[in-house]
Every structure is written in C-alpha cells, then in structure tokens.
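Quick note: residue numbers are just sequence positions, from 1.
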Amino acid sequence: MASLSPLAGKTLDPSQLTDIPALIAAYYDRKPDVSIPTQRVSFGTSGHRGSSFHTSFNEGHILAICEAICRHRKAEGIDGPLFVGMDTHALSGPAQRSAIEVFAAHGLDVRVDQNDGFTPTPVISHAILAYNKGRTTGLADGVVITPSHNPPSDGGFKYNPPNGGPADTAITKAIQDMANGFLAEGLKEVKRLPYEEARKATCIKGYDYITPYVADLESVIDMKAIRDAGVKIGIDPLGGAAVHYWKPIIERYGLNATVVNEAVDPTFSFMTADWDGQIRMDCSSPYAMQSLIGMADQFDVAFANDTDADRHGIVAKPDGLLNPNHYLAVAIAYLFRNRPDWSPELGVGKTLVSSGLIDRVAKDLGRKLVEVPVGLKWFVPGLMDGSLGFGGEESAGATFLRRDGTVWTTDKDGIILGLLAAEITAKTGKNPSVHYHELSARLGTPFYARIDAPANAEQKAKLSKLSPEQFPLETLAGDKIISKLTRAPGNDAPIGGLKVVTENGWFAARPSGTEDVYKIYAESFKSEEHLLAIQTEAQAAISKVFAA
C-alpha cells in the first residue's frame, strides 16, 4: 500500500506550487522526440495527457494531434461544427491557441466560448448531441482540452466524435499514430496559421455554451422540486470549468445554493493536497475535498466537480464525502424508481471495477445489469439507442437519460450528478448519505478498496492477455469462485486483465497504462478483514502468474 504524505489534506506552501510561467515556456520551448516512448502522443482512456516539463504535452503534440483530427474528419466525412472547450489548467489556454491555428488553416467551422472562457466536458457532449439531433449529414463533433483532475502541471486533449462520447480505441489509435508520424517528420505536413490571423478567420466563431445547457437542465433534473423544497446546497467547482455555470443555474431555477469558492488559479493554491502530497482536483478524494467536507454542517447537501466537471463528489451527513460507489448505487436506486417515463426495459450500466452493490440494486429493481470494461465510452451505444438508463464508473463519473428517457450526454456529467443529489434530498426528505445506509442495511454493506502493486512491462503484458485457465484457484478468501472473467459480460469486450467473483466478494486486476504497476480492485460484503484476505490472495495468485 502507498504511504500517506504528511501534506495530505493540507494547503501547500507557495514554494511548493507549480511555476506557471516556466510550465508555459516549456510548452513552446521543448520539442518532443518520438524515439522516446514517453514523449510520443498516447491516447489513454481519456485522451492524450502529459506535462510540458516532461516533454509529454507540448506545442508539437497539439499541432500534430489537431492535424490528425482534421484528416480524420475529412476521411469520415464529418463536416459540421467542431465544438471546442477547455478547462482551467495552465496548459489548456496555450493548447487551445495551437488548436485554433491548425483548425483555422483547414477552414473548420470551429465554435469556442464566446467570452474565451472555460467549457466543461459534459457541455461539449451536450452541444454535439443537440446539434446533431435529427441530422444525418453535416454532423458536429468536438474537442475538450483537459487532463481532468490531474495536477496543475498537466495538460490533456480529448476528441469526441459525432456520438458526443469519448472516441473509441479505433479512432484514438488512428489519430495517435498519425500524430506521431507528423512529429517524426518534424511537423512538415501540419497546416497552421499565425494565431492572430487564425483568430480573425470567419470559420472561428464565438459560441454561447452556457445558455442552452443551463436552459436544458430541467429536462434531466427536477429543478422545480429542488427550488420548492428550498434545499440548502453548497457547491465547490474546485477552480474548474464549471465555475461560471453555477450562477446562471442558481438564478434561472431559483435555487437556495451557495458557490463556496469562485477562485480560478492555475496553481490551484486553494486546494488541499491529495494522499501523496500532490495537488489534484479529485472530488472523490477526502484529502482533496477537505474544504467542502469541513462545511458539511452548513448545507443539506453539498457537491464538487473536478476541473472539467465530468466527475462529482457528494458531501452529506453523516458520512461527509460519500464513497463514489455508494453514491452511484443510491443514484441508480432513486432514478429507476422516480422516472415514470423511462422504459421498463432500460438497463443499468456499470464498469466491471464498480461496486457489487450496484449489481444488487439492479437485481432489486428487476433491471438488466450491463457490465463493461473500464471507460465511459462503452456506455455510448446504450445511451444513444435508449437501452441504458444510466452508465457509471467507480471513479465518480456517470451520466443518465433525460426525464423523458432520451439521451442527455454520452460523456460523464458531474453537474447533473451533483444536482441529482439535491433532487433526491428534495423529493425524499433524506440526503444521499442517509439513503446509502438504508440501502446497505437491506442489500449488504460493501468494503471496497483499490491498491497498486509493482509490475514491469513484461508482467503487465502477461496480465493483459491472461486467460481464466491460467488462474487455477477454486476458492477466494474461503468462498467458492463462481466466475473468472477476462471479457466483460455486458458486451464481451476484453477487459485487459482478470476479474474473479464469489458470492461474497470479488477482485479485478488490470495493468496500468502509464506506470509500472498493476491495479487490484477488490470488494467484500463480509468485513474489512475479508477484504484484506481477498487482496492478499489475489496478489499471491497474480505473482504466481508472473513467475510462470
């Protein structure tokens, strides 16, 4: 287990904060070398991420990625607007400038925030879907410039195709490989205009992202119920892209809500450090969320979003910060009983490392459970065709359908998950924390944890290609094993690892895509001691696989 930093939960000294001018200078000055693996364009589950200090997120990367996106659009016949949003990380602004230089050179119909402001990930997804509704040609797609909740020194770049969700692996691999080819050739094939000229191009248009998204919220959340109940709400955008969205939401719907922090600071100096002493805008971390947790007594319910607002953190008594798995289970239990216009055939979507409590909730509701690999992209088809009512993952990311059962977003939306906590409180008179304890008392209390264990490249490759037959155990922590999975039961997609399930617990092991570790997710419905036994036996068994 990783050790807890003495800085965890504390604000950092100014001397420990990121040097923003040096970070931005490195973005332009450092040139990536594609012969070095860590300096190549690499699209993980949420786009390309890195830091200019490590020559992993620099001007060259963004120019190459944008050229590749332009060529991908042309090859696929995508010729509608390209909605572009960015978050509040220091590298997001420079990356958007680079993107506009390339997009303008190609004459793309680009929509950027009309006030050069920030745009959350779910707002881009919503804009794409709203524009494309009823169209079969001239379809829109989008880009979000964000590394999510990552530290202030990081940057990120995501592409969302016309379905509004995260691009699938076929698309991201094509963009990634093309971009690395452009880097290898010294960017000779990249078209770009000087920024000032690009910004004046008629194809680069300012767009009001706030008004249509805010006006449409009542189609997915019962905003009137929240207003009429007078629920006292605390909101912390954590200095992220949703910061200028909450005032219009509060004013339009007459909410009894307070935005507790409106600061935007690229060093994120107001944040308390995460478990390892690093600043992360991780709204699922009790260490990063210390400020809002300390205000729990002031509100009926409070919530925060990460920097691009695709994640949520719910604060309510008696728990303080709810475990993300616990809140997902509560949200599902509430939604499927309080959306009368939803089809009785709608399924519940979860990733295979999310809590087994969700399985029990789905069974209790009489709903089909659709279990998929890690990544919200796997829920996109079901959300689009109306076969899934909800899709969520253990890392505090989820979305769900509108109240009439049609698609809202196909990317994670932390804004509506926060507002849902207020709706639950308004309609039931009990906050999500109280609901969780009632739910677990009836269906079982989960004990859940994730740990990282060392693994080199060869071992990670073994784990990602493991077959059930290579894992000979018949019992796990005293219980009979009822399934060994290397493919997700919901869509038969490979999970890139192994999940082992018993009646009273499970574990899943997956290699990290960025570090020399593998991740063990585990859960027990018996006790903390039983959870530890599952973790211990899982590690021992995986070690034998590595040694074979």
Side-chain angles (χ1 to χ4, degrees), residues 5 7-28 49-53 57 85-97 112-113 115-121 123 144-157 209-210 234-250 257-295 302-313 315 414-415 418:
S5 167
L7 298 173
K10 300 175 182 176
T11 52
L12 298 186
D13 184 85
S15 65
Q16 297 168 303
L17 301 175
T18 300
D19 184 338
I20 301 300
L23 182 75
I24 293 173
Y27 173 82
Y28 292 105
R49 293 187 190 178
S51 173
S52 60
F53 285 149
F57 191 93
M86 68 172 184
D87 76 0
T88 54
H89 275 79
L91 289 174
S92 296
Q96 179 168 283
R97 290 173 67 96
V112 294
D113 181 82
N115 299 313
D116 291 326
F118 312 109
T119 311
T121 287
V123 175
V144 194
I145 305 168
T146 174
S148 188
H149 62 290
N150 279 28
S153 59
D154 282 11
F157 204 95
Y209 281 105
I210 295 177
I235 303 165
D236 191 344
L238 299 184
V243 66
H244 297 137
Y245 281 70
W246 286 113
K247 185 178 179 183
I249 291 170
I250 292 166
T258 303
V259 180
V260 302
N261 176 22
E262 295 184 283
V264 175
D265 166 15
T267 68
F268 294 91
S269 58
F270 49 80
M271 288 295 300
T272 49
D274 204 356
W275 64 272
D276 58 354
Q278 296 285 315
I279 289 178
R280 286 188 193 86
M281 287 56 70
D282 183 353
C283 46
S284 65
S285 165
Y287 305 105
M289 286 279 283
Q290 279 297 298
S291 296
L292 192 60
I293 292 169
M295 300 180 191
F303 48 83
N305 297 123
D306 68 337
T307 330
D308 68 320
D310 70 344
R311 299 188 187 204
H312 58 273
V315 174
I415 294 173

Any sub-3.5 Å donor-acceptor pair from [X]'s side-chain atoms to [Y]'s backbone N or O?
X	Y	result
D310	G414	no
D113	G117	yes
S51	S153	yes
T18	I20	no
T272	A288	yes
D236	L238	yes
D274	G277	no
S52	L23	yes

Check your understanding: Could you go step by step and tell me if H89 and M281 meet the side-chain contact (heavy atoms from CB on, under 4.5 Å) rule?
Key -> CA-CA 10 Å; H89 275 79; M281 287 56 70; 3.8 Å; yes
Rounded at 0.5 Å granularity, tell me how far [atom1] in [X] sits from [atom2] in [Y].
X	Y	atom1	atom2	result
Y245	T119	OH	OG1	4.5 Å
I210	F118	CD1	CZ	11.0 Å
D282	R311	CG	CZ	6.0 Å
Y287	D276	OH	CG	11.0 Å
I235	I250	CD1	CD1	4.5 Å
M289	M271	CE	CE	8.0 Å

**Study point:** Min side-chain heavy-atom separation L17-I279 under 4.5 Å
**Key:** yes
Review point. Any side-chain heavy atom of P237 sitting closer than 4.5 Å to one from N305?
Key: no
Taking all non-hydrogen atoms of both residues, which atom of [X] and which atom of [Y] are closest, and how far apart?
X	Y	answer
I415	P120	CD1-CG, 4.4 Å
D19	P21	OD1-CD, 3.2 Å
Y209	V112	CE1-C, 3.8 Å
N150	R49	OD1-NH1, 3.1 Å
P266	A90	CB-CB, 3.9 Å
G240	T88	CA-OG1, 3.5 Å

Review point. Going by distance alone, is a donor N or O of one side chain under 3.5 Å from an acceptor N or O of the other, for T267 and D265?
Key: yes
Check your understanding: Between the side chains of T307 and D87, does any donor sit under 3.5 Å from an acceptor?
Key -> no
Review point. Mind checking whether Y27 and F57 have parallel, tilted or perpendicular rings, split at 30° and 60°?
Key: tilted
Point to revise | Verdict with reasoning, N115 to H244, per side-chain contact (heavy atoms from CB on, under 4.5 Å) | key: CA-CA 11 Å; N115 299 313; H244 297 137; over 6 Å; no
